[in-house]
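Numbers restart at 1 for each chain; the letters A, B, ... are given by sequence-line order, proteins then strands.
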Amino acid sequence: MSAAGLRRRRPRPLAVLGDLLFYGGLTLVALVMALPFYWMLVTSLKPDADIFRDPVQWWPQRVTLEHYARAFTTVPFGRYFLNSFSMATLGVAANLLLGSLAGYAFARLRFPGREWLFRVKLASLLVPGIITLIPSFLILRGFPLAGGNDLFGRGGFGLLNTYWAVVLPGASGAFAVFFMRQFFRTLPDDLMDAGRVDGASEWRIFWSLYLPLCRPALATLGIFTFQAGWNLFLWPLIVFNDPNMATVQMGLQAFSFNHTTDYGPLMAASVVVSLPVLAVFVFAQRYFTSSIAFTGSK
Amino acid sequence: MTVQHTPQHTPLGSPLARAPRRRSRLLRAEGRAAALFITPTMLLFLVFTVLPVFAAFVLSFSRYDILTPIRWVGLANYERLLSDALFWRGVRNVGVYALLYLPSMVLCALGLALALRRPKPGMVVFRTLFYLPSVTSSVAGATVWSWMLQRDYGVVNQLLAAVGLRGPAWLANSDTALYAIVFVTLWQGLGGNIIIYLAGLSGIPRELYEAAALDGASPWQQFRYLTVPLLATTTFFVTFMSLIGAFQLFDQAYVMTQGGPGYATTTAVYQIYQNGFTQLQMGYASAQAFVLALAILVVSVANLRLNRDSGLS
C-alpha cells in the first residue's frame, strides 16, 4: 500500500511518458471526432470572404449571423424543420404506445402462440430495409380510400406526401417491442395479482400499474426513436416529392445542389439540423450509452 | 427468523393451477387483452414487412413502371441483372468498402474501448466526444465532411499543407472517393461500437486477469488469450451489424459523391434507388433488391454458422 502511495507521489519518468502518449493519442482521436462540429459552426459564423481565406482561419475574425438568415430564406427551412419535428415526434408517440402495449402482452400476458409470434416479429430485425423499399412505397401509394384513392387503391396518390407515409411503416418497430418486453419482464408479478384482486381490468393494470414503472425505459426508447426519426433520409426521399413535405435532411440536399459553392448557409443549415439531436444527447447522455450497450450485450 | 418458502410466481405458476375454473376465466381475459394489445403492432408488421417481402419477390418477375399495368416477364429481370455491369460495379464497390470498413471498425473500436476502460481520469469526456458523431445524421455529417474534404479550401488539405503534404481532391478523384466514404462512415459508426465493446469488456470478470497475471501472463498474452476470445461474441455482433450496414450503404455515397466520380462510389442500394425511383423500373429494381437481400441473408447465415462452429452460443 505504502509503496503504491510513494509511487503515486513520485511518478517514474517512463510512466509520465506513457500517460503523455496515452492522453495524446486519445486527444488526437477526439479532435478528429469533434472537428466537423467545430468546423461547421465556425464556417457558419464567418462572412463569405473569410470562408475561403487561404491561410485557414481557425477562429472567426468577424462573426455574422447572415448565413442563418439566408438558410431560412433561400429554402423554406422553417417548414422542413416543422415537418421533421412533427414526424419524429409522432414516431416517438406511436412507438412508445404500440411498443409498450405489445411488449407488455409478450412479457406478461399468457396466450397461445405467444413465443412464436414474438419470434416472428423479432425476425423483422433481420429483414434488410432495401427489400421492403419498393413494395412499401406501392402499398402506401395504393392505400384504399386515401389521397383520392378508391376502395381498391386506384386513382390517387394514397398516403404518399403525407406524414403517414413516414410514421406508419415505423410506428411499432421490432426494436421498440423487444426493448419494452425486456423491461416489462423485470417488473414484479405482485402488482398484477393485486390489481386483479381489486378487480381492475387488464387495460387498467397495464396503464395505471405497470406503465408508470417504465418511465426510464420509455425515456430511453423515446430518445432513440426521436433520433432515428429525425435522421431518416432515404425513405422520406422516396415517399415525398411535394417540396412542402421535405424534411431537414432532404433540405440540406437542396442546398448543396442549387448552391454548390454557398457553404455559409449550408453549414448554418447543418448546425440547425444537428442541433435538436445534439441537445437531446447533452441532456440524456446516460440513456444513449446505456441503451446502446443494452443492444450489444443482449 | 424463519425462512418462508413461497411458491414461485412464474407466468404459468402453480398457485393458480389449483383453481382450474378461475384460471381458465383469467386465461381467457388475458388472451382477449393480449389480442387487443398486439393487434396494432402485428397488423403494421403484416402490412409493412411480411406483405412487402412477398410483393418484392413477385414484383421481381414483372415489369412495372407505375403508369402502365404490371406485366409478367418471368426471369427476364434476373437475366438482365447478370449482364448489368453497373449493378455489379455497385456490388463490387460495396464489397471493397466492406473489406476496408470492417477490419478498421473492429480494430479502432476495440482499441479505443480498451483505452477508455483504463481507470484514469477524463475517460467519460473522451467517451462522450467519441460518441458525438453517432448522434448526428449521416446527411449532416456527410455534408460537413464534403466541405472539409474540398481540394482548395477544405480544412483537411489545409492541415496537410501545414505539414508539407499536398492533398488530392478527395471526393472528385476516383482513387480516393471510396476511401473518403470509408473514413466518414467510420467516423460516424465508431462511437456506438466503442460503447458495445465497453459493455462487452465490463462483462469479463477481473479475477481472470488477476489469475493470469499470477501465472505470469504478459499484458499481450492476457489480451490474446483472455480478452480476444472472451469478446468473440461482442466482436461477432459488431462485425455482423457493420456488415449488414455496409451492404446497405447509401446516405454518404448519395450526399458526398452522388455515386461518382465515374461510378467509383455507386453502391448497390444507390443502383436500386436509381432504377426504382428515378427510372421507374420497379420490377427490375425489385430483382436487384432481392439479390442483395439474398446476399445479406447468405452472409448472415454463414456468419451465424461460423459463430456456432467457434463454440459460441
Tell me, side chain or backbone of A/Thr43 under 4.5 Å from chain B's heavy atoms, or both, or neither? side chain
Contacting moiety of A/Val273, where chain B heavy atoms sit under 4.5 Å: side chain
Which bit of [X] is near chain A, if near means a heavy-atom gap under 4.5 Å: side chain, backbone, both or neither?
| X | value |
| --- | --- |
| B/Val125 | neither |
| B/Leu112 | side chain |
| B/Tyr273 | side chain |
| B/Phe130 | both |
| B/Phe250 | side chain |
| B/Tyr64 | side chain |
| B/Trp187 | both |
| B/Phe37 | both |
| B/Leu36 | neither |
| B/Phe183 | side chain |

Between [X] and [Y], is the gap from one ring center to the other below 6.0 Å?
| X | Y | value |
| --- | --- | --- |
| A/Phe281 | B/Tyr131 | yes |
| B/Tyr254 | A/Phe233 | yes |
| A/Trp164 | A/Phe143 | no |

Just so I understand: if I count every heavy-atom pair under 4.5 Å between each of [options] and chain B, which residue has the most?
| options | value |
| --- | --- |
| A/Lys121, A/Glu202, A/Met250 | A/Lys121 |
| A/Val277, A/Leu97, A/Ile134 | A/Ile134 |
| A/Gly103, A/Ser270, A/Ala105, A/Pro128 | A/Pro128 |

Using ring-ring contact (aromatic ring centres under 6.0 Å, His included) as the criterion, list what pairs up with A/Tyr38, not counting sequence neighbours. none
Using 30° and 60° as the class limits, which term best fits the ring planes of B/Tyr153 and A/Phe52: parallel, tilted or perpendicular? perpendicular
Can you list everything that forms a salt bridge (Lys or Arg N to Asp or Glu O under 4.0 Å) with A/Asp48? Sequence neighbours excluded, please. A/Arg70
Determine the option with the most heavy-atom pairs under 4.5 angstrom with chain A, choosing from [options].
| options | value |
| --- | --- |
| B/Arg32, B/Met241, B/Lys120 | B/Lys120 |
| B/Ile66, B/Leu51, B/Thr39 | B/Ile66 |
| B/Ser300, B/Pro133, B/Ala293 | B/Pro133 |
| B/Leu198, B/Val155, B/Val269 | B/Val155 |
| B/Gly31, B/Ala115, B/Ala55, B/Pro40 | B/Ala115 |
| B/Leu59, B/Ile296, B/Leu129, B/Ile38 | B/Ile38 |

Short question: side chain of B/Thr267, backbone of B/Leu249 - any donor-acceptor pair under 3.5 Å? yes
Does some side-chain heavy atom of B/Thr257 sit less than 4.5 Å from a side-chain heavy atom of B/Gln252? no
